[in-house]
**Student:** 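Sharing a structure here in structure tokens format.
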Amino acid sequence: MKQLIQENKRIILNLGEINYIDSGGLGTLVALYTSAASTGASIKLANLTKRVGDLLQVTKLLTVFEVYDSEEKALQAFRGVAA
């Protein structure tokens, strides 16, 4: 992922197939966000399952990440199109 962040400044993580994230996974998301921010890149999350969305809400990470219902809406946000 760090190489991907170096090569692409706009990244969408589709979490639609992720039903569970533990503390290590949350730490990885935060580390990715920090790495991206330090290089001028941006990460958007798409297709959160209810369980993952609830976890991100409880941990206040929903205030850190931009979250979209679909990859297309996240892509539109990068393009500056109203989603």
**Student:** Which is it for Leu45 and Val52 under the side-chain contact (heavy atoms from CB on, under 4.5 Å) test, yes or no, and what are the steps along the way?
**Tutor:** CA-CA 11 Å; Leu45 306 180; Val52 170; over 6 Å; no

**Student:** If you take all heavy atoms of Tyr68 and Ala77, which pair is closest and at what distance?
**Tutor:**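 Result for this residue pair: OH-CB, 3.3 Å.
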
**Student:** Roughly how far apart are Asn19 CG and Leu55 CG, rounded to 0.5 Å?
**Tutor:**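 Result: 12.0 Å between the selected atoms.
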
**Student:** Please name the pair of heavy atoms, one in Ala36 and one in Ser42, separated by the smallest distance, quoted to 0.1 Å.
**Tutor:**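 Nearest heavy atoms, Ala36 then Ser42: CB-N, 4.5 Å.
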
**Student:** Kindly compute the distance separating CG (Leu15) from CD (Glu71), expressed to the nearest 0.5 Å.
**Tutor:** 10.0 Å

**Student:** So do Leu32 and Ile11 actually touch side chain to side chain, heavy atoms under 4.5 Å?
**Tutor:**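 Of all side-chain heavy-atom pairs linking Leu32 with Ile11, none is under 4.5 Å.
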
**Student:** How far apart are the closest heavy atoms of Ile5 and Ala41, and which atoms are they?
**Tutor:**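 Answer, listing the atom of Ile5 first, then Ala41: CG2-CB, 3.9 Å.
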
**Student:** Could you check if a side-chain atom of Phe78 sits within less than 4.5 angstrom of a side-chain atom of Ile12, using non-hydrogen atoms only?
**Tutor:** yes

**Student:** Taking everything shown except Glu7 itself, do over 12 heavy atoms lie less than 6.0 Å from its CD?
**Tutor:**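 Enclosed: over 12 neighbouring heavy atoms sit under 6.0 Å from CD of Glu7.
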
**Student:** To check you understand the geometry: which heavy-atom pair defines the closest contact between Gly16 and Thr49, and what is its length?
**Tutor:** O-CG2, 3.4 Å

**Student:** Just wondering, do Leu48 and Ile18 contact through their side chains at under 4.5 Å, heavy atoms?
**Tutor:**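 No, too far: nothing below the 4.5 Å cut-off.
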
**Student:** If we only count heavy atoms from C-beta on, is the Arg10 to Leu75 side-chain gap below 4.5 Å?
**Tutor:**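 Heavy-atom side-chain distance check fails, nothing below 4.5 Å.
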
**Student:** More than 12 non-hydrogen atoms from neighbouring residues, nucleotides or ligands closer than 6.0 Å to CG on Asn8, yes or no?
**Tutor:** yes

**Student:** Just so I know, are the side chains of Phe65 and Leu29 near enough to count as touching, which here means a heavy-atom distance under 4.5 Å?
**Tutor:** yes

**Student:** Calculate, to the nearest 0.5 Å, the distance between atoms CG and NZ belonging to Asn47 and Lys73 respectively.
**Tutor:**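 Nearest 0.5 Å value for the CG-NZ distance: 10.0 Å.
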
